[in-house]
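What follows is a single structure, and I will ask about it in a moment.
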Amino acid sequence: MAKLQPGPKLQPVRGTHDILGDKARAFRFIQGVFQDVAIRFGHQEISTPIFEFTEVFKRTLGETSDVVSKEMYTFEDRGGEFLTLRPEYTAGIARAFISNGLQQSLPCKFYGFGPMFRYERPQKGRMRQFHQMDVEILGVPEPQADIEVLAIAATLLTELKLIDDVTLEINSLGDTESRNDYRDALVTYFEAHKDQLSEDSLARLTKNPMRILDSKDEGDRALVENAPRISAYYNDPTKAFFDEVISGLDALDIKYVINERLVRGLDYYCHTAFEFITTKLGAQGTVLAGGRYDGLMELMGGPPTAGIGWAAGMERMAELVSPDLVLNEPRPIALIPVGPDCQSEALKIAQQLRIAGHAVHMSYKGNMKKRMKRANNANANEAVIIGEDELARGMATIKNLNDGKQQEIALDKILNYLDQYLSLEVKKR
RNA sequence: GCGGGUGUAGCUCAGUUGGUUAGAGCGCCAGAUUGUGAUUCUGGAAGUCGCCGGUUCAAUCCCGGUCACUCGCCCCA
């Protein structure tokens with residue numbers, strides 16, 4: 001680690017990272033594809049504040065959820081308000097929906113992305129500040145919205161070339177009636193085997209019994225094998241809803257696995273729940289996950305409004321995405337003035353090239369050797385060398401940094417020459 | 001909140017069964033080449049061996065603590 005001076009702590013706060021270099025490029029690439037896909041599906045961008053009144057999250061996520069009970073970054077501001085850095089996107093969007101009176105303009109199709117904050121012990125694929133991309137459809141109670149939202153996810157993962165790295169697991173948590181019936185049955189079952197449950201699952205039994213289903217404890221797993229299955233408790237509407245979602249996936253040729261033990265931690269989910277999972281990221285295999293939350297708006301005090309959406313972890317995606325896909329930045333042109341008298345001419349040419357759309361690296365100081373070296377480090381394609389001799393003749397030297405060949409070009413032909421030459425280079429590839 | 005692993009140069013890592021000057025590769029700087037990078041050759045700078053304490057004639061190495069990073073549990077994207 002770098003040597004730290006005495007004084008303020010100079011390392012980043014635990015669980016936070018600086019995003020630069022390849023990681024920044026990967027983020028920008030992923031974000032770009034995401035926005036493009038979301039817009040093609042007719043979604044509007046929404047950007048909500050990264051903090052909200054604490055109540056917004058407390059009410060919607062449920063007091064007993066881990067997020068609320070131990071993971072929120074909450075603070076009191078100078079006005080005495082309790083604020084919380086958003087631990088997830090959906091609650092903020094739901095609040096924005098109500099604040100802006102958007103029930104007048106249903107359905108609402110949103111996309112957004114940005115940082116989220118959870119006070120957790122960091123590990124692979126899990127940070128205290130992390131970034132999510134988020135998609136929501138509000139006001140569509142029909143399964144078509146579920147299908148569409150899944151189609152967005154599948155399209156995104158396909159265009160990021162990640163679709164073969166992930167498995168879509170899907171389940172229905174049922175409507176309120178089905179879900180409550182099932183929960184009761186589960187509790188009855190596990191109560192009868194209380195003595196065999198792990199300590200963690202014993203706590204889940206009162207807090208969130210459905211969580212026991214995806215326990216990693218071996219003893220629990222054996223019990224879960226014989227536990228009642230959720231599909232046995234689906235009523236007719238639930239069954240019809242889920243069937244329609246599934247046939248939509250079939251129609252779109254989106255591959256999935258039905259996992260009856262897939263549950264959600266947060267209280268407001270119903271019907272469809274899904275996760276795109278990979279085995280390539282260690283313990284945190286979920287790359288993109290979401291579900292339907294028809295009860296959320298009322299929970300928050302708004303008009304009853306159906307909702308479905310998902311969130312994807314950008315750090316996790318960035319780990320998976322191939323560097324070849326990301327490395328598509330145009331190579332710059334390096335401008336190298338030789339001697340102080342050539343500085344202003346070089347500056348003018350650089351500006352001309354930049355206005356014409358080229359990426360230009362202008363060197364600031366150093367002898368020619370050093371400037372050439374910097375040009376090389378910047379991965380420049382061409383170096384435009386402006387020297388006093390050439391300048392006197394109205395010429396500049398253009399050197400191809402790939403093959404080392406160089407030639408003189410008239411100053412007023414530089415743009416023209418580079419436009420032609422570089423477009424040929426692109427065609428060659 | 002609970003458990004495991006790791007901390008040596010800007011980066012990736014060797015190493016010392018405790019003993020004088022701490023090692024490599026990459027990177028950086030300079031020169032070979034005062035108007036030419038990438039390749040080659042030569043030279044150089046750079047480390048309180050995470051921090052504090054203990055044991056010892058002597059600690060980067062052993063012991064204790066602490067901080068940081070990392071992996072896992074809980075939970076989640």
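This one's a predicted model, so the numbers in the text were calculated from it and none came from an experiment.
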Any side-chain N or O of A:R118 less than 4.0 Å from the OP1 or OP2 oxygen of B:rC75?
no

Distance check needed: B:rA77 P versus A:E275 CD, whole Å only.
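Nearest whole value for this atom pair: 7 Å.
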
Using 30° and 60° as the class limits, which term best fits the ring planes of A:Y189 and A:H193: parallel, tilted or perpendicular?
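Rings of A:Y189 and A:H193: tilted, 30 to 60°.
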
How close or far is atom P of B:rG37 from atom CG of A:N376, stated in whole angstroms?
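Spelled out: CG on A:N376 to P on B:rG37 is 10 Å.
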
So A:K23 and A:H17, do their side chains get closer than 4.5 Å, heavy atoms only?
yes

Could you work out the separation of B:rA68 and B:rA30 based on their C1' atoms and round it to a whole Å?
36 Å

Side chain to side chain contact (heavy atoms under 4.5 Å, CB included) between A:M210 and A:R261, worked out:
CA-CA 8 Å; A:M210 284 167 81; A:R261 288 174 205 152; over 6 Å; no

Establish, with yes or no, whether the OP1 or OP2 oxygen of B:rC73 is under 4.0 angstrom from a side-chain nitrogen or oxygen of A:R121.
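For B:rC73, neither OP1 nor OP2 has a side-chain N or O of A:R121 closer than 4.0 Å.
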
Taking for each residue the nucleotide of RNA chain B with the nearest heavy atom, is it A:A289 or A:Q123 whose nucleotide lies nearer the 5' end?
A:Q123

Taking the minimum atom-to-atom distance to the side chain of A:V338, which one of B:rG35, B:rC75, B:rA32 wins?
B:rG35

Plane angle bin for A:F75 and A:F51 - parallel if under 30°, tilted between 30 and 60°, otherwise perpendicular
perpendicular

Look at all strands and tell whether A:G339 reaches a base, only sugar-phosphate, or nothing, counting heavy atoms closer than 4.0 Å.
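It contacts nothing in the nucleic acid.
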
To the nearest Å, how far apart are A:F27 CZ and B:rA77 P?
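Distance check: A:F27 CZ to B:rA77 P gives 16 Å.
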
Mark yes when over 12 heavy atoms from residues, nucleotides or ligands other than A:R354 sit less than 6.0 Å from its CZ; otherwise mark no.
yes

By nearest heavy atom, map A:G282 and A:G15 onto RNA chain B; which one lands nearer the 5' end?
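In this pair, the answer is A:G15.
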
Are OP1 or OP2 of B:rC29 and a side-chain N or O of A:K370 less than 4.0 angstrom apart?
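Answer no for this pair, as no side-chain N or O of A:K370 is under 4.0 Å from OP1 or OP2.
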
Separation of the C1' atoms in B:rG65 and B:rU55, to the nearest angstrom:
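Rounded to whole Å, the distance is 15 Å.
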
With respect to the side chain of A:T397, which nucleotide from B:rU36, B:rC73, B:rG37 is positioned closest?
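It is B:rU36.
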
Taking only the side-chain heavy atoms of A:D389 (C-beta and beyond), determine which of B:rC74, B:rG35, B:rG37 contains the nearest atom.
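Looking only at side-chain atoms, A:D389 lies closest to B:rG35.
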
Nearest-angstrom distance from the residue atom CG of A:D200 to C1' of B:rG3:
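For the pair A:D200 CG and B:rG3 C1', the rounded distance is 13 Å.
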
Separation of atom CD in A:E382 from atom C1' in B:rU36, rounded to whole Å
14 Å

Among the candidates B:rC75, B:rU36, B:rG72, find the nucleotide nearest to the side-chain atoms of A:R211.
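From the listed options, B:rC75 comes nearest.
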
Tell me what A:E120 touches on the nucleic acid: a base, only sugar-phosphate, or nothing, going by heavy atoms under 4.0 Å.
base

Same-atom distance (P) from B:rC49 to B:rU60, integer angstrom
7 Å

Spacing between A:N402 atom CG and B:rA38 atom P, to the nearest angstrom:
15 Å

Using only modelled atom types and a 3.5 angstrom limit, is any donor from either the side chain of A:E390 or the base of B:rG35 paired with an acceptor on the other?
yes

Which atom of A:G307 lies closest to which atom of A:D294, heavy atoms considered
N-OD1, 3.2 Å

Using only modelled atom types and a 3.5 angstrom limit, is any donor from either the side chain of A:K399 or the base of B:rU36 paired with an acceptor on the other?
yes

Candidate nucleotides B:rA68, B:rC71, B:rU36, ranked by approach to the side chain of A:K124 - the nearest
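Closest nucleotide among those given: B:rC71.
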
Taking only N and O in the side chain of A:N377, is any of them less than 4.0 Å away from OP1 or OP2 of B:rC28?
yes

Any donor-acceptor pair, under 3.5 Å, between the side chain of A:R126 and the base of B:rC75, if you only look at N and O atoms?
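When only heavy-atom distances are counted, A:R126 does reach the base of B:rC75 through a donor-acceptor pair under 3.5 Å.
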
Check the distance between B:rG35's P and A:R371's CZ and give it to me in whole angstrom.
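Computing the A:R371:CZ to B:rG35:P distance gives 12 Å.
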
Spacing of the C1' atoms in B:rA14 and B:rC26 (rounded, Å):
14 Å

Using a cut-off of less than 4.0 Å, is there contact between a side-chain N or O of A:H361 and OP1 or OP2 of B:rG37?
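False: A:H361 side-chain N/O out of range (4.0 Å or more) of B:rG37 OP1/OP2.
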
Rounded to whole angstrom, note down the P distance from B:rC51 over to B:rU39.
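It comes out at 35 Å once rounded to the nearest Å.
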
Is the number of heavy atoms from other residues, nucleotides or ligands within 6.0 Å of OH (A:Y256) greater than 12?
yes

With heavy atoms under 4.0 Å as the rule, sort A:L401 into base, sugar-phosphate or nothing.
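Result for A:L401 = base.
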
